[in-house]
Amino acid sequence: MEVFLIGLLILVFSAILHEIAHGYVADKLGDPTARLAGRLTLNPLPHIDPMMSVAVPLLLILSGSPIVFGAAKPVPVNPIMLKEGRKDLALVALAGPLTNLLIATAAAVIIKLLSQSLPETIISILSTVVFYNLALGFLNLIPIPPLDGSKFFSIILPERTAQKYFALAPFGIFLLFILFLYTPVGDLLHSLINNTLTLLGL
């Protein structure tokens, strides 16, 4: 039970840092909406989404799913306030997954450098940080609205096509589950995570 709770906390705070990164970059690019809404904070309460922060990861962990993901409540971003429109929106979107990948890399480096002196419990926690952040980072790069990869991918689309593409957002989570259930996407994602773990020396 303790291991399960630690894993859930790591996943939740990794998702929160993901959202803070979105808001921070948006603020730097001219949109203070997230900052004014009090979302650039490590306090989990403003970020928790009952479904995506708790229910979905809980079910995936309890079911023994090889891919575990969750999400914090998306930070508000006003594209009109961004200095360079869709280009800046793509940068804001990319900030979240990159933050997770950086966290995973930093935790992996700590393990490599200090594995001989750290307690086994800390090594296990850091390993979970690496795995969950790789999962969040790579998952969010999938170009299915509303995932971050869709906003980055949209910069190559004409404006009207991008609008129709983003209209898929309400159905995105269902499309994602269909892809995981009936296509090799889940296996490819798992393989990507494992290959990255090998690259990081874990």
Side-chain angles (χ1 to χ4, degrees), residues 10-26 29 31 33-34 39 47-61 65-79 82 85-105 130-159 161-196:
I10 289 170
L11 187 59
V12 167
F13 274 97
S14 297
I16 286 171
L17 289 169
H18 176 110
E19 291 301 327
I20 290 173
H22 285 319
Y24 178 80
V25 172
L29 293 176
D31 175 24
T33 308
R39 294 295 305 278
H47 299 286
I48 296 297
D49 178 280
M51 180 61 70
M52 291 305 296
S53 303
V54 181
V56 169
L58 186 63
L59 287 172
L60 291 172
I61 292 172
S65 170
I67 298 296
V68 178
F69 65 90
K73 187 187 301 180
V75 296
V77 176
N78 184 354
L82 297 171
R86 280 202 294 163
K87 177 185 173 184
D88 282 353
L89 185 61
L91 293 175
V92 170
L94 197 58
L98 284 182
T99 294
N100 292 125
L101 297 178
L102 286 171
I103 291 170
T105 302
V130 174
F131 180 81
Y132 281 169
N133 276 278
L134 288 178
L136 282 173
F138 289 137
L139 177 76
N140 274 283
L141 290 174
I142 296 174
I144 295 178
L147 296 180
D148 300 320
S150 65
K151 298 180 183 71
F152 190 73
F153 175 72
S154 73
I155 62 176
I156 69 172
L157 300 176
E159 181 73 33
T161 304
Q163 289 176 0
K164 293 177 182 178
Y165 174 56
F166 287 138
L168 294 172
F171 315 103
I173 189 67
F174 301 107
L175 292 173
L176 199 60
F177 276 117
I178 289 171
L179 284 176
F180 281 149
L181 287 172
Y182 301 110
T183 76
V185 167
D187 291 334
L188 289 171
L189 183 60
H190 198 248
S191 177
L192 179 59
I193 292 170
N194 284 335
N195 289 337
T196 306

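Using a 4.5 Å heavy-atom threshold, the side chains of Asp148 and Leu141 count as separate. Side-chain contact check for Leu17 versus Asn100: every heavy-atom pair is 4.5 Å or farther apart. Side-chain contact between Leu91 and Asp88 is present, with heavy atoms from C-beta onward closer than 4.5 Å. Within the 4.5 Å cutoff, the side chain of Arg39 has heavy atoms near those of the Lys73 side chain. At least one side-chain heavy atom of Leu139 sits under 4.5 Å from a side-chain heavy atom of Phe180. Pro145 is listed as a side-chain neighbour of Leu168, based on a closest heavy-atom distance under 4.5 Å. Residues Thr99 and His22 form no side-chain contact, since every pair of their non-hydrogen atoms from C-beta on lies 4.5 Å or further apart. Within the 4.5 Å cutoff, the side chain of Ile155 has no heavy atoms near those of the Leu89 side chain.
In plain terms, the two heavy atoms of Pro170 and Ala167 that are nearest each other are CD-O, 3.2 Å. Closest non-hydrogen pair, Leu101 versus Gly137, comes out as CD2-CA, 4.1 Å. Across all their heavy atoms, Ile142 and Leu147 have their closest contact at O-CB, 3.5 Å. The minimum heavy-atom distance linking Ala135 with Ile193 is given by the pair CA-CD1, 3.7 Å. Nearest heavy-atom pair across Phe166 and Ser150 is CE2-O, 3.9 Å. For Pro146 against Ala169, the heavy-atom pair with the smallest separation is CD-O, 3.5 Å.
A distance of 10.5 Å separates OH in Tyr24 from CG in Leu29, rounded to the nearest 0.5 Å. Distance check: Asn140 CG to Leu98 CG gives 11.0 Å after rounding to the nearest 0.5 Å. For the atom pair Thr161 OG1 and Lys164 NZ, the distance stands at 6.5 Å (nearest 0.5 Å). Once rounded to the nearest 0.5 Å, the distance linking CZ of Phe131 with OG1 of Thr196 reads 11.0 Å. Taking OH of Tyr165 as the start and CD1 of Ile144 as the end, the distance is 7.5 Å to the nearest 0.5 Å. Here the straight-line distance linking atom CG of Leu189 with atom CZ of Phe138 works out to 8.0 Å at 0.5 Å rounding.
Counted by atom type alone, Asn133 and His18 present zero donor-acceptor pairs between their side chains at under 3.5 Å.
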- Could you go through the side chain to side chain contact (heavy atoms under 4.5 Å, CB included) check for His47 and Ile20 one step at a time? CA-CA 9 Å; His47 299 286; Ile20 290 173; 3.9 Å; yes

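Under the side chain to side chain contact (heavy atoms under 4.5 Å, CB included) test applied with His190, the options Asn194, Leu188, Asp187 reduce to a single match, Asn194.
A distance-only check finds a donor-acceptor pair linking the side chain of Ser14 to the backbone of Ile10 [under 3.5 Å]. Judged by distance alone, the side chain of Ser154 and the main-chain N or O of Lys151 form a donor-acceptor pair under 3.5 Å.
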